[in-house]
S.K.: 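Sharing a structure below in structure tokens format, with a few things to ask.
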Amino acid sequence: MAKEEQDKILNEVTESEYKYGFVTDIENDDIGKGLNEDVIRMISAKKKEPKFMLDFRLKAYRHWKTMKMPEWAYLDIPEIDYQDIIYYSAPKQKAKLESMDDVDPEIRATFDKLGIPLDEQKILANVAVDVVMDSSSVKTTFKEALAEKGIIFCSFSEAVQDHPDLIQEYMGTVVPIQDNFYAALNSAVFSDGSFVYIPKGVRCPMELSTYFRINAENTGQFERTLIVCEEESYVSYLEGCTAPMRDENQLHAAIVEIIVKDNAEVKYSTVQNWYPGDKNGKGGIYNFVTKRGICEGVNSKLMWAQVETGSAVTWKYPSTILKGDGSSSEFYSVAVTNNHQQADTGTKMIHIGNNTKSTIISKGISAGKSNNSYRGLVKVAKNCEGARNFSQCDSLLLGDKCGAHTFPYLEIGNQTAKVEHEATTSKIGEDQIFYCNQRGINTEDAIGLIVNGYAKEVINKMPMEFAVEAQKLLQISLEGSVG
Amino acid sequence: MGKKLNIEMLSIKNLHVSIEGKDILKGINLDVKPGEVHAIMGPNGAGKSTLASVLAGRDLFNVTEGEVNFQGKDLLDMEPEDRAKEGIFLGFQYPIEIPGVSTVNFMKTAVNEHRKYKGLDPLSASDFLKLMREKKSLVEIDSKLTNRSVNEGFSGGEKKKNEIFQMAMLEPKLAVLDETDSGLDIDALRVVANGVNKLKTRDNATIVITHYQRLLDYIVPDVVHVLYDGRIVKTAGKELALELEEKGYDWIKEENGK
Ligand SMILES: Nc1ncnc2c1ncn2[C@@H]1O[C@H](COP(=O)(O)OP(=O)(O)O)[C@@H](O)[C@H]1O
Ligand SMILES: [Mg+2]
């Protein structure tokens, strides 16, 4: 869809009358803290789920009980009491603030620096707006445009009701419930998320979800996304938002599953800017994500592009199973850590089909007292002929109290594979900053320039409108970290 | 304050500079007027680059004594980026590489910062590109270089040309060129010198720091200073450069008791 057309739809919707129904009838019905089978039954019942969903959740829960939190990551995570967490709360409307003046000045400053339009700022910051943008009808309008092409794009809960056959067929096929501790937990209790289905031969005409970020308030702490791309189809999906996101829920454990069939292509871009905690390392989100796609069909393609600046702790390895012959996958990542943030991120490329190809470009940036680790696995199966991988893992350090670590793993089961790995570690030099200063560029802008230069290969892979914000975001996340 | 002071563009008085407790500049005095070209010569380690860095505001060095006045303002009190925007340009002896940052983007940021400082609006993309084209032909720099990341993988000579290009873009009041001639073949030397000469006006001034007389065949200085062991030990007209070329620096060293 052309940009003008998107704007037109958005205008139509925003200029329509205030709909009272939008905010009122949601009551607060949390279940208490803790997790057991009854809680799971209750979640499933409240969401009026078919039996297969309840069975899926229960199976996941029973498995999760036998598992332990993984400890191999280079992270220092405090003990989490899983019985001290509320696992279901209905989407509730947070109390609206009167005006932008009530919003945390720090957040407001960031909005301004990011150049987010005022109306959008208000929605993101939960300020009451004069013209209420009825998010559900924005969604509906877009959905109609997509439906003409047979594309399904809806919340996961809706999909469970409206397309149970698709959900049942694909859910858990890429990330099985027993995959890991957090995946099992998510499978047992997930709240909501998105479902995308692109039919055979269809190119999705717009970046999915770029316009929907304005109503991403209630994605919840256990999010689940499922994307299915039929033969010869294409979609570019965008998750997240450059605006700073706060959430009372400290623990986030999401799952993303992507299925790519013959000659189909998926681009999955993420910008993650969850609250990282304060300068002393207090508070902040723990982000434990399992993202995985399968290039099931021949010549299928999956690209991951991510800019990660938020969260106190990030544990995340978007991975691709290259099953179809000639399939390929690319992973482009920038992960920034500052202050006391910790990130252990990377990717796994599992080569199974013949002549499969993968590319990994990882750019870590550490500042303050943070720790930033790259962990990547390239695996080539025994019967996989002609696999190729190129990995480049760069680390950039700002200051001398931060750490960068690289853990590349190779499991090559077939002699025909060609695997290349390059790694560099560099420091932002005082001399680089001074050189910029001498040309009239202040230190903060100089760091922004240098860091964006360093991350360029990744930023260039992001959809246009996000690339610009992502650049600013990088600079903002590193403010005050040098000099 | 007498009338005389006001016509100086740059006035350095009794400047002492140290690094890590070691004295490097030991009382420099230097006055530069608009329209003048000064050459500073001297053996390796004399303190020439230190002087240039201190003028540009590198905080690695400690100014322990003295003052520097630039166009009526206390230069030492300014941030490096403000000194740049006030009109000081340093051509680095060893220009720095900034991977991934295109020269276009770098220069656009710099030019617009200068404009902002002067209360002007940023240049439009097309005006900026026009300016780039104009200055590129003035200093005879190839688009191949300006299309690449700042100095990344440039040869020594290419880096020096790029410094002159940036100088042309920023139109400084006072350019301090630190050994811009070293490592250049005769063609590159000519290009660099031509650039400097073309950019010369009655209102701006240049300090050329050099080791050799060679550059001064192309850029004719009004005054030549010899910097030795942290002091300016000799100041004369351009014939001093020839004398140095002939006799080397040993006689200077002897005259100064070493
Ligand atoms: N960063 C530094 N740390 C320690 N000493 C330095 C540093 N920079 C310069 N010096 C010392 O200061 C003196 C003058 O150096 P410099 O200004 O580079 O001389 P020139 O440019 O005349 O060759 C030399 O003795 C050099 O070793
Ligand atoms: Mg020098």
Side-chain angles (χ1 to χ4, degrees), chain A residues 113 115 307 332-334 336 361-365 392-398 422-462 467-468 470-472 474-475 478 482-483, chain B residues 49 52-61 78-118 148-152 159 162-163 165-167 169-172 175-176 178:
Chain A
K113 286 178 194 159
V307 172
Y332 295 94
S333 168
V334 179
V336 178
I361 308 286
S362 161
K363 304 265 180 179
I365 301 170
Q392 185 184 324
C393 308
D394 297 330
S395 312
L396 185 68
L397 302 171
L398 281 80
E422 286 175 12
T424 65
T425 300
S426 49
K427 268 192 162 188
I428 283 202
E430 294 284 328
D431 50 356
Q432 285 177 322
I433 293 172
F434 181 66
Y435 192 71
C436 295
N437 288 161
Q438 212 301 304
R439 300 305 185 241
I441 302 165
N442 68 34
T443 299
E444 235 152 55
D445 292 345
I447 292 174
L449 261 181
I450 296 166
V451 163
N452 276 301
Y454 167 79
K456 192 159 92 182
E457 270 173 283
V458 176
I459 303 272
N460 282 350
K461 298 291 172 181
M462 305 293 283
V468 177
Q471 282 181 358
K472 294 185 196 158
L474 284 186
Q475 178 169 349
L478 293 167
V482 164
Chain B
S49 294
S53 299
V54 169
L55 291 178
R58 185 86 209 236
D59 63 2
L60 215 62
F61 301 94
M78 282 184 231
E79 294 296 325
E81 61 270 25
D82 291 335
R83 299 181 193 202
K85 289 180 284 197
E86 284 287 332
I88 289 191
F89 179 88
L90 172 59
F92 284 66
Q93 182 172 2
Y94 304 106
I96 308 299
E97 302 192 6
I98 311 181
V101 178
S102 72
T103 303
V104 176
N105 190 16
F106 182 64
M107 271 295 104
K108 197 169 165 196
T109 310
V111 166
N112 284 332
E113 284 300 316
H114 281 248
R115 291 179 64 87
K116 193 160 86 189
Y117 194 73
K118 297 191 182 100
R148 279 158 60 182
S149 296
V150 179
N151 293 324
E152 195 185 16
K159 284 182 181 170
N162 193 19
E163 294 292 285
F165 166 68
Q166 293 178 41
M167 172 175 138
M169 291 293 290
L170 298 173
E171 300 180 336
V176 182
D178 190 359

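Reminder, nothing fancy here: chain letters follow the sequence lines and each chain counts from 1. These numbers were taken from a predicted model, which means no experiment stands behind them.
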S.K.: Where does B:Val111 contact chain A at under 4.5 Å (heavy atoms): side chain, backbone, both or neither?
M.R.: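 The answer is neither part of B:Val111.
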S.K.: For chain B, which of A:Gln438, A:Lys456, A:Glu457 has the most heavy-atom pairs under 4.5 Å?
M.R.: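 It is A:Gln438.
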S.K.: Could you give the distance from CD (A:Glu444) to CD (B:Glu81), rounded to the nearest 0.5 Å?
M.R.: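 Separation between the atoms: 10.5 Å.
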S.K.: If you take all heavy atoms of B:Arg58 and A:Asp431, which pair is closest and at what distance?
M.R.: NH2-N, 3.8 Å
S.K.: Counting only non-hydrogen atoms closer than 4.5 Å, does B:Phe106 touch chain A with its backbone (N, CA, C, O), its side chain (CB onward), both, or neither?
M.R.: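 Both backbone and side chain of B:Phe106 come within 4.5 Å of chain A.
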S.K.: Where on B:Pro172 is there a heavy atom nearer than 4.5 Å to chain A: the side chain, the backbone, both, or neither?
M.R.: neither
S.K.: Verify the distance criterion only: is there a donor paired with an acceptor across the side chains of A:Tyr435 and B:Asn151 at less than 3.5 Å?
M.R.: yes
S.K.: Which bit of B:Glu97 is near chain A, if near means a heavy-atom gap under 4.5 Å: side chain, backbone, both or neither?
M.R.: backbone
S.K.: Just how far is it from atom CG of A:Asn437 to atom NZ of B:Lys85, taken to the nearest 0.5 Å?
M.R.: 9.5 Å
S.K.: Answer with side chain, backbone, both or neither: which region of B:Tyr94 has an atom nearer than 4.5 Å to a non-hydrogen atom of chain A?
M.R.: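 For B:Tyr94, neither part sits under 4.5 Å from chain A.
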S.K.: So, do A:Leu449 and B:Ile98 sit near enough that their side-chain heavy atoms are less than 4.5 Å apart?
M.R.: no
S.K.: When you look at B:Leu170 and A:Arg439, which way does the side chain to side chain contact (heavy atoms under 4.5 Å, CB included) test go after all the steps?
M.R.: CA-CA 8 Å; B:Leu170 298 173; A:Arg439 300 305 185 241; 3.9 Å; yes
S.K.: I want to check something: taking the side chain as every heavy atom from C-beta on, are A:Gln432 and B:Pro99 in contact at a cut-off of under 4.5 Å?
M.R.: yes
S.K.: Can you tell me which portion of B:Leu60 sits under 4.5 Å from chain A's heavy atoms? Options are side chain, backbone, both or neither.
M.R.: neither
S.K.: Heavy-atom pairs under 4.5 Å with chain A: which of B:Asp82, B:Asn105, B:Ile88 has the most?
M.R.: B:Ile88
S.K.: To check you understand the geometry: which heavy-atom pair defines the closest contact between B:Ala84 and A:Gly440, and what is its length?
M.R.: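 The pair with the smallest heavy-atom distance is CB-N, 3.5 Å.
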